[in-house]
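Values reported hereafter were calculated over all heavy atoms of this structure, with side chains retained and with hydrogens, waters and symmetry mates removed.
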Amino acid sequence: MARRHVYRAGAASTAGAALADSMTHEQPAETFDDLQSEVMASNPLSGPISVARRVPIGDTGLEIHPLALGGSTFGWTLGTEQAFEVLDRFAGVGGSFLDTADSYAAGRSESIIGKWMAARRTRGRMAIATKIGHHPDHRGLSPADIAASVDASLERLGIERIDLLYFHGDDVAVPLEESLGAVDALITAGKVGAIGAADFTPERLIEARVLAANGLPRFQAFTTKYNLMERRPFEGAPELVAHAQGLAVMPYFGLANGFLGGQVRRRADVRHDARGERQARHLGRRGHRVLAAVDQVAFAHGVQPATIALAWLLAKPTVVAPVVSASRPDQVDALVAAASVELQRSEIVELDRASE
């Protein structure tokens, strides 16, 4: 079982100020557990830390900490300063993969991440995934829209290459070979490293693999909604196809819009906003049964409920890294800790049973 690291630095903003100086003096990671963990430099406030060993994303050559920080709240519910604090904490505890989209806050999420990487000089430590297809200025996956979207994302992020580019949903109005052909040109140009699919049907994933066999870029990753409260849409055909194709599954909404964090247990706890409405849907007999099971396992491991909900995802054979957002820096520790929790088979069975 991997060792867990507890972040003990001061305020995230203070850690961020030190982070910029430390990035240019990092030492190569050295292992202390050949199976699950490694030691890496963090920042002067916390010093070297133990983190879960990085995992590969398909055949992309990317290796990441098995938890992706989602940027959907940046520029929407979190301003630049608040987002910087969350990003500082994520980097400070060993996080290495950021997930965003050109449509998140109409591009402001990408801009905030770009400003943070420039200010903290963290580009060398962070893999970047973004999604295209939903931005109001470049909707769809036509070759022209793909090229324009990628150029705009690169500018906002302040980088030369997007490590992992997702098609943000399918575009049935455009032949898939045209969309993949457009990405092929961008990969050749060095603007894109690899490609993934978001919420594609199993049939379209199979079609994409056939096209890849004829020389077009192959999907390496797949992102879709999947968590203890919402299992059925993924388990079945999508999971079988992802497994057969060796896709790195990176589920979003891994905490069911925060419900699995355990803070919402009755109607009085629900906030009167869109997120609260989505959480309220899970209140009921099944939701309480799942939370009770998560609580029991969390108590046994001495961690937060959110940690166990994500550890359950990581126990699934196709899942490489859940994508989870945080609204406060202190929430990041529980998210990252999931990769250092090894669930017992009986615990997985109990969580599976509770969430049926």
Side-chain angles (χ1 to χ4, degrees), residues 56-64 68 70-71 96-104 106-114 117-118 123-124 126-200 204-224 245-250 252 320-321 323:
I57 301 178
D59 297 325
T60 64
L62 295 171
E63 292 190 347
I64 63 167
S96 61
F97 186 47
L98 300 176
D99 177 279
T100 184
D102 66 357
S103 59
Y104 292 167
R108 290 191 294 278
S109 174
E110 289 181 328
S111 296
I112 288 173
I113 290 172
M117 287 193 296
R123 173 55 175 142
M126 291 291 158
I128 304 297
T130 195
K131 310 174 196 70
I132 59 170
H134 286 178
H135 192 280
D137 293 338
H138 308 292
R139 290 192 181 278
L141 298 174
S142 71
D145 283 321
I146 288 174
S149 296
V150 166
D151 284 342
S153 289
L154 289 171
E155 183 176 355
R156 285 190 291 265
L157 288 163
I159 58 179
E160 296 181 352
R161 186 181 75 164
I162 295 166
D163 299 309
L164 179 61
L165 179 73
Y166 283 105
F167 286 169
H168 202 175
D170 202 353
D171 183 353
V172 295
V174 179
L176 190 53
E177 57 266 34
E178 291 186 13
S179 300
L180 292 172
V183 172
D184 192 27
L186 294 171
I187 292 174
T188 301
K191 294 182 178 182
V192 172
I195 188 171
D199 294 319
F200 270 46
R204 287 289 265 182
L205 290 175
I206 292 171
E207 180 184 350
R209 179 51 62 92
V210 172
L211 293 170
N214 290 300
L216 289 172
R218 180 167 73 89
F219 286 141
Q220 299 284 348
F222 178 57
T223 184
T224 190
Q245 295 188 1
L247 296 174
V249 176
M250 300 185 182
Y252 62 83
V320 170
V323 180

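Remark: Arg161 pairs with Asp163 by the side chain to side chain contact (heavy atoms under 4.5 Å, CB included) rule, at least two apart or across chains. Shown here are the side chain to side chain contact (heavy atoms under 4.5 Å, CB included) partners of Ala194, two or more places apart in sequence or in another chain: Thr60, Leu164, Gln220. Shown here are the salt bridge (charged side-chain N to carboxylate O under 4.0 Å, His left out) partners of Asp184, two or more places apart in sequence or in another chain: there are none. Scanning for side-chain hydrogen bond (donor to acceptor under 3.5 Å, both in side chains) contacts around Ser103 gives an empty result, with sequence neighbours left out. For Asp99, the salt bridge (charged side-chain N to carboxylate O under 4.0 Å, His left out) partners at least two apart in sequence or on another chain are Lys131. A search for side chain to side chain contact (heavy atoms under 4.5 Å, CB included) contacts involving Ala147 returns nothing, not counting sequence neighbours. With sequence neighbours excluded, no residue satisfies salt bridge (charged side-chain N to carboxylate O under 4.0 Å, His left out) with Asp137. Taking the salt bridge (charged side-chain N to carboxylate O under 4.0 Å, His left out) definition, one finds that Arg218 meets it with Asp59, sequence neighbours left out.
Here the shortest heavy-atom pairing between Ala68 and Ala321 reads N-CB, 4.3 Å. Considering every non-hydrogen atom in both Ala182 and Pro143, the closest pair reads CB-CA, 3.7 Å. Closest of all the heavy-atom pairs between Leu247 and Ala221 is CD2-N, 4.1 Å. Summarising the geometry of Gly71 relative to Ser109, their closest heavy-atom pair is O-OG, 2.7 Å, with the distance given to 0.1 Å. Shown here for Ile64 and Ala127, the closest heavy-atom pair between the two residues is CG2-CB, 4.1 Å.
To the nearest 0.5 Å, atom CG of residue Leu180 and atom CD1 of residue Ile195 are 5.5 Å apart. Between atom CG of residue Asn214 and atom CG of residue Leu216 there is a gap of 7.5 Å, rounded to the nearest 0.5 Å. How far CZ of Arg108 is from CG of Asp102: 13.0 Å, rounded to the nearest 0.5 Å. Rounded to the nearest 0.5 Å, atoms CD (Glu63) and OG (Ser96) are 9.5 Å apart.
Contact of the Ile187 side chain with the Leu165 side chain is not registered, since no non-hydrogen atoms from C-beta on lie closer than 4.5 Å. A 4.5 Å side-chain heavy-atom check between Met126 and Ile113 finds every atom pair outside the cut-off.
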Quiz prompt | Verdict with reasoning, Val320 to Val249, per side chain to side chain contact (heavy atoms under 4.5 Å, CB included) | solution = CA-CA 6 Å; Val320 170; Val249 176; over 6 Å; no
Quiz item: Given the rule in the side chain to side chain contact (heavy atoms under 4.5 Å, CB included) test, do His138 and Ile132 qualify, once you have shown the distances and angles that lead to the verdict?
Solution: CA-CA 8 Å; His138 308 292; Ile132 59 170; over 6 Å; no
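Within the structure, every pair that satisfies the ring pair (Phe, Tyr, Trp, His ring centres under 6.0 Å) test and touches residues 162-182, not counting sequence neighbours, is listed here: His134-His168, Phe167-Phe219. Applying the ring pair (Phe, Tyr, Trp, His ring centres under 6.0 Å) definition to pairs two or more places apart or across chains, none involves residues 180-199. Listed by first and then second residue, the salt bridge (charged side-chain N to carboxylate O under 4.0 Å, His left out) pairs that reach into residues 144-159 are Glu110-Arg156, Asp151-Lys191, sequence neighbours excluded.
The closest donor-acceptor contact from the side chain of Thr223 to the backbone of Met250 lies under 3.5 Å. In this structure, Arg209 contributes its side chain and Ala212 its backbone to no donor-acceptor pair below 3.5 Å.
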Counting only pairs under 3.5 Å, give me each side-chain donor-acceptor contact of residues 170-177, with atom names and distances, residues two or more places apart or in other chains.
unit_1, atom_1, unit_2, atom_2, d
Asp170, OD1, Arg204, NE, 3.3
Asp170, OD1, Arg204, NH2, 2.9
Asp170, OD2, Arg204, NE, 2.5
Asp171, OD1, Ala173, N, 3.1
Asp171, OD2, Leu141, N, 2.7

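The side chain to side chain contact (heavy atoms under 4.5 Å, CB included) test with Thr130 singles out one residue from Thr100, Leu98, Leu154, and that residue is Thr100.
Judged purely by distance below 3.5 Å, without hydrogens or angles, the side chains of Thr224 and Asp199 pair a donor atom with an acceptor atom.
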